[in-house]
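Keep in mind that the numbers below use all heavy atoms, side chains included, and drop hydrogens, waters and symmetry copies.
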Amino acid sequence: MKKKVLGLLLVCTLVITNFGNLFYFQTTEAAQVSEIKENYDITCMSIDDVSEKTKLEDLSGEYKDTINYAVSIADESGEEAAEALNLLDEDNEIMELGVKEVLDTYYSAENIDEKAVCEFSDNLETDIEENIENYEKARKERENEENLDYIADEGIVVFDKETTKEDIDAVVDYVSDSYEILIDNDFEVDVSLNERKQKRLKALENYKGNIVVKVNLDLDQTAAEAVKEYEIFDCVIEAQENIKCESNALSTKLNDVKAKELWYLDRCKFQAAWDTVSTAGCDDIWIGVVDSGCRITHKDLSGGIVRKYAVDITKKDSNGKYKRLEDVKKPYDSEHGTFTAGVIAAKANNSMGIAGDARGWNNNSCRIIPIKVSGGLNADGEDIIKLSDMCKGINHAIKSGAEIINVSLSYSSLKSCEVEAIERAEAAGVVVVASAGNYETSTKRYPAAMDYVIAVGGTNKSTANNKAYFSSYGNWVNIVAPATNYVCTSSESDSSYSEEEGTSLATPLVSSAIGLMLSVNPDLSVSQIKKILYSSSIDLKSSYFSCGLLNAGLSVQKAKYEIFKNSVVNLKGIEQLSGNRVKLKWNNLNVYGPEKVLIYRSASKNGKYENIKYISGDDSCTYIDTNLTSGKTYYYKIRAAMKYGGGYKYTPYSEIKSIKLK
């Protein structure tokens, strides 16, 4: 018997418009929630209106003993349980508590004793038919969870940023059972991270966003009923079902697991990207892989994982911290997470398996943080992934210092809790890349379709501009990449591989390209990354997509050029040697990753300069010019060049220096 529900109905007025589901708001932006509430003309309940719920442990001995006795005898006799409670005042909250305790006993059992429930109801002097109806609805929902797209006994509530923990305690206690904080504003920068990562994350120290919690529902609450009850409070931005997220890979396993060619690397010009990174780059770009876990012992992933932050967010250790994957007996549920991990981080040039997109030419500048967000497998062997766990995984990746978050998962409608997680990524300057899904329609999938997120669609192997048959599509997709005929690291063993397809695999291809971009220019903003990524893409002329195909080579070159164009070669000195020779010296240290240095000479300062020599950028910073004429004056200038598209880009010329030969 829920007296709290009756109280809520007294303080709320509803004007129903065209929506059948009154309080279940499916928003496209978090800001729309308040507008929707206004459209419903909802008079919200203040936290001050919440009365403290009567609890069994607070009762005096007589009342507590009576209810405990009713609970203890309920399994044996519903009639005797009812007779015990009849001794209580039927109009008192204590009676309501007693009824709930007994019904909780019945409906928490694996098999409901319907006969005992009927006996209890028939012999109780209080009418509890409505209560039993609520329990039955919730029970049927739990039993049917396999066929639902949400978790039956959980919900997600987004509280206003000003809500205190005490207020959250009061609201959750009033409406349902218990809760877990998914995202809050209690943020401290991990001082073990390097200086650049710490500087970026300091933005979150003063960031104040809304608070997201996962709530555990009472046994007599359906998810929809709980949503209604939470939405009434004025401190609640939105309440929603804890929907199931789906991995976007399609398994097409072959018996032959050897890969003779990684065609998708050529299609997206990763060799050019690797060449660019080999000239300059940093060594600590991390890609958070929010997925089903990973076989971190796979030989081809050696050296590619940041193990300290690789965790299973569905499990906690004795200190209340997420368990590290290396401490979990089985650090993955399905193979999906190991597939996506290998696409990014498989070690290159190790005479085995495949080369990860972000680790070509023995590049160690990019590593992954596998974050397990799946909570087991369903009867069909598919990952069970809750939206609440996905949000926790994204939040963990942000706090762990990841520059990029790869989400090869999706769901059908935008939820406020995901908005909060993505907005924190935006505040921290973290790039989020998500798969468009394998649904063969233009219907938006989330989080890919969110404005801040890079949505990745899929093309096939045979023709670069053809949509993969399964890929979702539409003008909300930002970029596409190959999605078929991938050879992936497999979780079956430490040396196994499998051929797979899906937009789940196109997504890490894009994440890898961004990782390489940040390797050569770690100070790029997210808006700069998007501009470079999209402007570098290859035109598809596709009726399905209004975006282009990933061109990793040009993207990384453009990222490097943002630094390179401001570099200047310092022509330090010029001296005459015997035999009418001139030696030039320059300082290459302030030039960012040149592939070559070009030397120019002229007979007059403002005359025409001839390119007399170019040398490799990593060679000695000297050059000896020969066959010159005594008594003449020669003018020199130099500049550096980097590969860019089908040609080169150049630094400005150095200062001109001259020498008159004796």
Determine whether the aromatic ring centres of residues Y332 and H298 are separated by less than 6.0 angstrom.
no
Verify the distance criterion only: is there a donor paired with an acceptor across the side chains of [X] and [Y] at less than 3.5 Å?
X	Y	value
Q221	Y135	no
R139	N134	no
E500	S498	yes
D65	N68	no
S408	N406	yes
T503	S471	no
Y179	D169	yes
Y106	E114	no
R445	S410	yes
S413	K415	yes
D167	T164	yes
D291	H336	yes
D333	S292	no

Once rounded to the nearest 0.5 Å, what's the spacing between atom [atom1] of [X] and atom [atom2] of [Y]?
X	Y	atom1	atom2	answer
I385	C245	CD1	SG	6.5 Å
M95	T66	CE	OG1	10.0 Å
I296	K372	CD1	NZ	12.5 Å
E225	D218	CD	CG	11.0 Å
R424	L204	CZ	CG	7.5 Å
N378	S374	CG	OG	11.0 Å

Can you establish whether the number of heavy atoms outside [X] located under 6.0 Å from its atom [atom1] is more than 12?
X	atom1	value
E188	CD	no
K140	NZ	no
Y63	OH	no
K244	NZ	yes

Among V290, I371, I287, find the one that has a side chain to side chain contact (heavy atoms under 4.5 Å, CB included) with I405.
V290
Single hit among V102, V99, L85 for side chain to side chain contact (heavy atoms under 4.5 Å, CB included) with I67:
L85
Trace of the side chain to side chain donor-acceptor pair (under 3.5 Å) decision for Y452 with E423:
CA-CA 8 Å; Y452 182 74; E423 285 183 348; over 6 Å; no
Looking at every heavy atom in both [X] and [Y], which two are closest together, and how far apart are they?
X	Y	result
I369	S400	CD1-CB, 4.1 Å
D160	I211	O-CD1, 4.1 Å
L182	S388	CD1-CB, 3.5 Å
A74	A81	CA-CB, 3.9 Å
H396	Y322	ND1-CD1, 3.9 Å
K208	K161	O-NZ, 3.3 Å

Show the numbers, then the answer: is there a side chain to side chain contact (heavy atoms under 4.5 Å, CB included) between D113 and D75?
CA-CA 8 Å; D113 188 343; D75 286 336; over 6 Å; no
Taking the side chain as every heavy atom from C-beta outward, state whether [X] and [Y] have any pair of such atoms under 4.5 Å apart.
X	Y	result
I128	K100	no
V215	I156	no
E492	Y497	no
S435	V456	no
N147	N144	yes

Got a donor-acceptor contact below 3.5 angstrom from the [X] side chain to the [Y] backbone?
X	Y	value
E145	A152	yes
D317	N319	yes
N86	E125	yes
D177	L217	no
T105	E101	yes
S121	C118	no

[X]/[Y] ion pair, N-O < 4.0 Å:
X	Y	result
D389	K214	no
D327	R324	no
E180	K392	yes
E133	K137	yes

Tell me, with the steps shown, if W286 and Y309 meet side chain to side chain contact (heavy atoms under 4.5 Å, CB included).
CA-CA 10 Å; W286 296 348; Y309 299 104; 3.8 Å; yes
As a quick check of understanding, evaluate side chain to side chain contact (heavy atoms under 4.5 Å, CB included) for K323 and V311, giving each step before the final call.
CA-CA 5 Å; K323 282 192 173 182; V311 299; over 6 Å; no
Apply the test side chain to side chain contact (heavy atoms under 4.5 Å, CB included) to residues Y150 and E141: give CA-CA distance (whole Å), side-chain angles for both, the deciding distance (0.1 Å), then the verdict.
CA-CA 10 Å; Y150 58 89; E141 184 176 64; 2.6 Å; yes
